[in-house]
Amino acid sequence: MQDVRNGTDKLVCRIDKASKTVEIVLKGCKTTIQFLDDGQVLIKNANKVA
């Protein structure tokens, strides 16, 4: 996965071009967005386990 950072070098999200996936972790919750080949978007939310 490749890190995406903003202008103040803070991690915004991570992307994986091969699987067309974006991963966002915010306040203990991980959201994964995957763009499927048929045009659909799959969104998963999970509590981040410490």
Side-chain angles (χ1 to χ4, degrees):
M1 288 204 150
Q2 176 183 355
D3 290 350
V4 177
R5 297 188 177 272
N6 64 14
T8 60
D9 203 35
K10 183 175 179 181
L11 182 65
V12 176
C13 66
R14 298 175 70 206
I15 60 171
D16 184 355
K17 292 180 183 179
S19 65
K20 300 177 187 171
T21 302
V22 177
E23 179 182 278
I24 304 166
V25 178
L26 184 64
K27 296 185 180 179
C29 183
K30 179 170 79 170
T31 301
T32 305
I33 306 166
Q34 185 174 16
F35 299 91
L36 305 177
D37 291 333
D38 63 2
Q40 293 184 0
V41 178
L42 181 63
I43 301 171
K44 295 180 183 176
N45 291 297
N47 289 329
K48 186 178 175 186
V49 178

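The first residue of the sequence shown is numbered 1, and numbering continues consecutively from there.
- In this structure the side chain of Lys30 reaches within 4.5 angstrom of the side chain of Thr32, judged on heavy atoms.
- The line from SG of Cys29 to CG of Asn47 is 6.0 Å long, rounded to the nearest 0.5 Å.
- Applying the salt bridge (Lys or Arg N to Asp or Glu O under 4.0 Å) criterion to Lys44, with sequence neighbours excluded, gives no partner residue.
- In this structure, the separation between CG on Asp16 and CD on Gln34 is 9.0 Å, given to the nearest 0.5 Å.
- Closest non-hydrogen pair, Val12 versus Arg5, comes out as CG2-C, 4.1 Å.
- Among residues two or more places apart in sequence or in another chain, the side chain to side chain donor-acceptor pair (under 3.5 Å) test is passed with Asn6 by Thr8.
- Annotation: the span from Arg14 atom CZ to Gln2 atom CD amounts to 10.5 Å, rounded to 0.5 Å.
- Counting heavy atoms from C-beta outward, Lys20 and Leu36 have side chains that stay 4.5 Å or more apart.
- The other residues sharing a hydrophobic cluster with Val41 are Val4, Ile15, Val22, Ile24, Ile33, Phe35, Ile43, where clustering joins ILVMFWY side chains under 4.5 Å apart.
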